[in-house]
Amino acid sequence: MTDLLRVRGLSVSLEERRIVDDVDLDIDAGETVGLVGESGSGKSLLARAVAGLLPPSLTTTGSVTMSGTELVDASERLLRTVRGRRVGLLMQDPFTMLNPLKTVGAHITESLPRGLRRRRGEIEKRLAEVGISDPRVASRYPFQLSGGMRQRVAIAAVLAGDPELLIADEPTTALDATIQAEIMQLLRSVQKARGMAVLLITHDLRVAFAICDKVQVMYAGRVLETGLSEDVARNPRHPYTAGLIGALPVLERRISQLVAIPGSVPRAADVTHKCAFADRCPQRRPDCVETRPPLRIVADLHATACLYDVAPAETAPPGDAVEHAQETPALGKPLLTVAELRKDYGQVRALDAVTLTVQPGERVGLIGESGSGKTTLARCVLGLASPDGGRIMLDGLDITYPHRLSASGKRQMRSLVQCVFQDPSTSLNPSMTVGAALAEAAGRVQRAERRSVDELLDLVGLPKKYALLRPNRLSGGEKQRVAIARALAVNPALLICDEPTASLDVSVQAHILELLRTISANAGTALLFVTHDLAVVRQITDRVVVLLHGKVVETGATAAILDEPTHSYTRRLVASVPPAPVTFREERANA
Amino acid sequence: MAQNELLPRGATADQSDAFTGSVAAAGRKRTPRARRPALTIAAMIVLGIMLIAAAVGHWIAPYDPALQNVGLGPTGPSAAHWLGTDDLGRDVLSRLLEGAHTALIAPVLIAVGTTVLGTTLGLLAGYRQGWLDTMLMRLTDLMFALPGLLVLIVVVGVAGGGYAISVITLIILGAPSDIRMVRSVTMSQRELAYVDAARTLGIPARRIMFRHVLPNLAPTVVANLLLSFVFALVALAGLSFLGIGLPAGTPDWGLMIQENRGILDINPWAAIAPALLITITACAATLLGDSIYERLDAGKGFSE
């Protein structure tokens, strides 16, 4: 096999600051390579550098060759012959990637080689390749299509130039789980049929392992490990990769303790002369911070930037926790009762006679894709949206229409239910310090029960000095912890979590999930956990409610539903989750 | 590469922002900061000098600004009178220094008044929405339909001139654009989860508006404040020029342009200097507003 793409010593800097640091990457013709990393790892920049699409304020050094043609500092004219024809770039968000003023057909025609543009049936052929059998789609506009269809069209448009290498930058992140699986399958089949090379950029290890021949793990702008997917998945040779795999929530069973990686990703510029992962590494030794460990070959095609062999985790491999097989017997009065709840947005029925209960201290998962009404339900319970019918009872208090409550009723409601929102970067007020935000929340309860800011920070494992910082100085995980502390300030009986880890990296996600689990167990707080991620649901909830188009289609104990889903939709949902990697060590432990 | 071919060449850099995150954000912030200092510092110096003149102009003026020397009459710049004298032999420099007070105090009052009124109503309309919003919006539509300067002339003229009337009229005329602007940014802030979080905690709406949302509007509010100042400065000078603001003989920049038009051939500085001062002050305030907006806005970014 021959190298199609060869990257050698590629560095990207903003002024004097390194962002991508001395990266090598090889892709052979017809090969699928996964570039895996958390946010800030430089993986997207690397992909853009390969396509010659970096903003002009960045400087690139090193070498990128496509079948021998040098692309670094190449002329715009040369780059134009490479882009589209030889390298195709597929972006994350199909909503912004297509021009809303052009039809699907126009998007495809534009990228077709000149000779094919006028050929009849060519567009239909191209659409059929991405699984769109209806030729009328060609005359539609992007906004008339669903998210999944748009991403299919985007793929067709990228493939129209018949590229030798397709760069897919998080192509499914913006899509629902079942559609994600479809798009990934499509990419895989197109890649096979065309014999095209694919560079898949993703933060999801499971996806990378399931689809790619080779994976390359990036961290703080550099490569930490590279190897065949199977080898890396079974036998990670860098503590970071091992940590990431350990932090993955698993769909198949509940893990008694999710192991997170402490700390957060450093900036590439701060760690140029040492191991980038040293500060968070459980097995750091003095020489890790003296020089920068080079990639060393540990096995055939397998290289790691760690000086040592990965030590087995200090504790025994995390065992499986006991799951409540049965639904908690509804002995006492339910804490939350939602009965026949209905909510319309114009012509659209967002919630259609939804009924569910949450017992005190129970952890209930609310699963569904975008548009299923799960967020609307959460907003109704929080009193942020007004339902059009039905009833919501919270601890004996009718909160269906909170504005009709008396002042004391309102106060009671606020101390019963609180929420952790999806994106901590918008749920914290950027102009308020952490301390001020927490103090304000703590001030909502009676003086006798009031908790101090220090106590609240301590509760979520943050140092006291964070009280003085504004949110923009915090990392995503830290912000989410502050948001959790704020919600806990009034000691609510029910905590609604609206996709609290969806915008966080895997290593941080484990922290937050573990924190929520602990808090719920210690304080007896009931959780209503809204999410589309089934593996997360498995880790944190006792019972699940599956929503589809505003209706409850299935409900029951988490383990039972995920192991043996009965409704066809739930079955599809479960099937769409890529299998978790089983490491060599676990295999041995289980044997 | 469909993406790239769909967009004009220049678009790639912007479009990459969304994907390269913090890097592009840093790059974006850097560009204005590198360009800013020289102009901003110049603007600050100009406004500083104007403020000093407004504060102590009366005491540092070389002559009594009202002192007439009819025998001397209009003269060009000389060692005794740096900017010459006007029709009645009054020292132009002294009159400019004395006039700085009236020229700047009223616009400052108007700017503060407009901003307080506009921000409060805009915040209410944007946060509460509903009937209050509809009413305020129709009201601003009506105000936008009126020819502002004409209304000003009529109102001040009918009321027989006077400082207070001009100030109040200008505050009311300036408020609608502030209301609109603040309303639209309030509406976009209202969508953010921190407002929902505050509502979930049961924090009263008034407190959410003024303690949570308002600080995040600072860039817009400050930019509005300086723009209102400029609007008022120019409008008041226009009124004086038309002779409806202040009694004749008051040392006022606008009035001086009007009074000294006749002696352009003898001492052009008597009319040009006040005109220049108005222009320079207006430009400096605009530039400063711009730069403060950019700085505050960059620091506030939710994307960081």
Side-chain angles (χ1 to χ4, degrees), chain A residues 14-15 19 39-40 44-45 48 51 53-58 83-85 87-89 91-93 96-99 102 107 110-111 154 157-158 160-161 163 169 379 382-384 410-411 413-414 417-419 421-423 425-432 440-441 444 472 483 486-487 489-490, chain B residues 1-31 34 188-205 207-208 211-219 296-304:
Chain A
L14 176 67
E15 277 151 33
I19 308 167
S39 51
S44 291
L45 274 179
R48 300 197 135 252
L53 278 177
L54 286 178
S57 55
L58 301 178
R83 288 187 207 133
R85 303 282 168 262
V87 181
L89 188 58
M91 303 283 195
Q92 179 171 3
D93 189 353
T96 55
M97 185 170 161
L98 298 171
N99 184 338
K102 283 188 174 174
H107 276 108
E110 197 173 38
S111 319
V158 175
D169 188 355
R379 290 184 69 84
L382 287 167
L384 296 174
K410 274 182 191 159
R411 214 168 25 246
M413 172 187 172
R414 295 309 171 197
V417 57
Q418 282 298 316
C419 184
F421 294 88
Q422 174 168 359
D423 186 356
S425 57
T426 61
S427 72
L428 297 179
N429 190 339
S431 56
M432 251 181 171
E440 185 182 48
R444 308 304 301 166
N472 63 1
R486 176 179 59 188
V490 298
Chain B
M1 203 56 28
Q3 164 109 24
N4 192 38
E5 291 177 5
L6 295 174
L7 293 159
R9 189 45 208 132
T12 44
D14 299 344
Q15 151 214 347
S16 68
D17 285 0
F19 301 96
T20 51
S22 60
V23 181
R28 201 165 43 221
K29 262 193 301 182
R30 200 144 302 204
T31 333
S188 60
Q189 290 286 323
R190 198 180 185 281
E191 298 298 311
L192 297 175
Y194 76 87
V195 175
D196 282 341
R199 285 173 66 195
T200 308
L201 278 168
I203 292 164
R207 191 177 157 85
I208 297 181
R211 298 295 292 275
H212 286 255
V213 177
L214 185 58
N216 292 308
L217 307 183
L296 287 177
D297 202 38
K300 279 270 176 297
F302 277 94
S303 53
E304 284 180 307

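We name chains A, B, ... by the order of the sequence lines, and we start the count at 1 in each one. Note that these values count all heavy atoms, side chains included, but never hydrogens, waters or copies made by symmetry.
Within the 4.5 Å cutoff, the side chain of R199(B) has no heavy atoms near those of the L382(A) side chain. Side-chain contact between E191(B) and T426(A): absent, with no pair of heavy atoms (C-beta onward) separated by less than 4.5 Å. With contacts defined as side-chain heavy-atom distances shorter than 4.5 Å, the pair F421(A)/L192(B) does not qualify.
Qualifying side-chain hydrogen bond (donor to acceptor under 3.5 Å, both in side chains) partners for R211(B), counting only residues two or more places apart in sequence or in other chains: none. Residues satisfying the side-chain hydrogen bond (donor to acceptor under 3.5 Å, both in side chains) test with E440(A), not counting sequence neighbours, are R207(B), H212(B).
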Discussion item. Could you walk me through whether D196(B) and R379(A) satisfy the side-chain contact (heavy atoms from CB on, under 4.5 Å) test, starting with their C-alpha distance in whole Å, then the side-chain angles of each, then the deciding distance to 0.1 Å, before giving a yes or no?
Written reply: CA-CA 9 Å; D196(B) 282 341; R379(A) 290 184 69 84; 2.8 Å; yes
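When V490(A), V417(A), L384(A) are compared by the number of non-hydrogen pairs under 4.5 Å with chain B, L384(A) comes out ahead. When the candidates M432(A), R444(A), K410(A), M413(A) are compared by the number of heavy-atom contacts under 4.5 Å with chain B, R444(A) comes out ahead.
Of all heavy-atom pairs spanning Y194(B) and L428(A), the tightest one is CB-C, 3.8 Å. Taking all atoms of both residues into account, the shortest heavy-atom contact from T200(B) to C419(A) is CG2-N, 4.2 Å.
Between the side chain of R414(A) and the backbone N or O of L201(B), no donor-acceptor pair lies under 3.5 Å.
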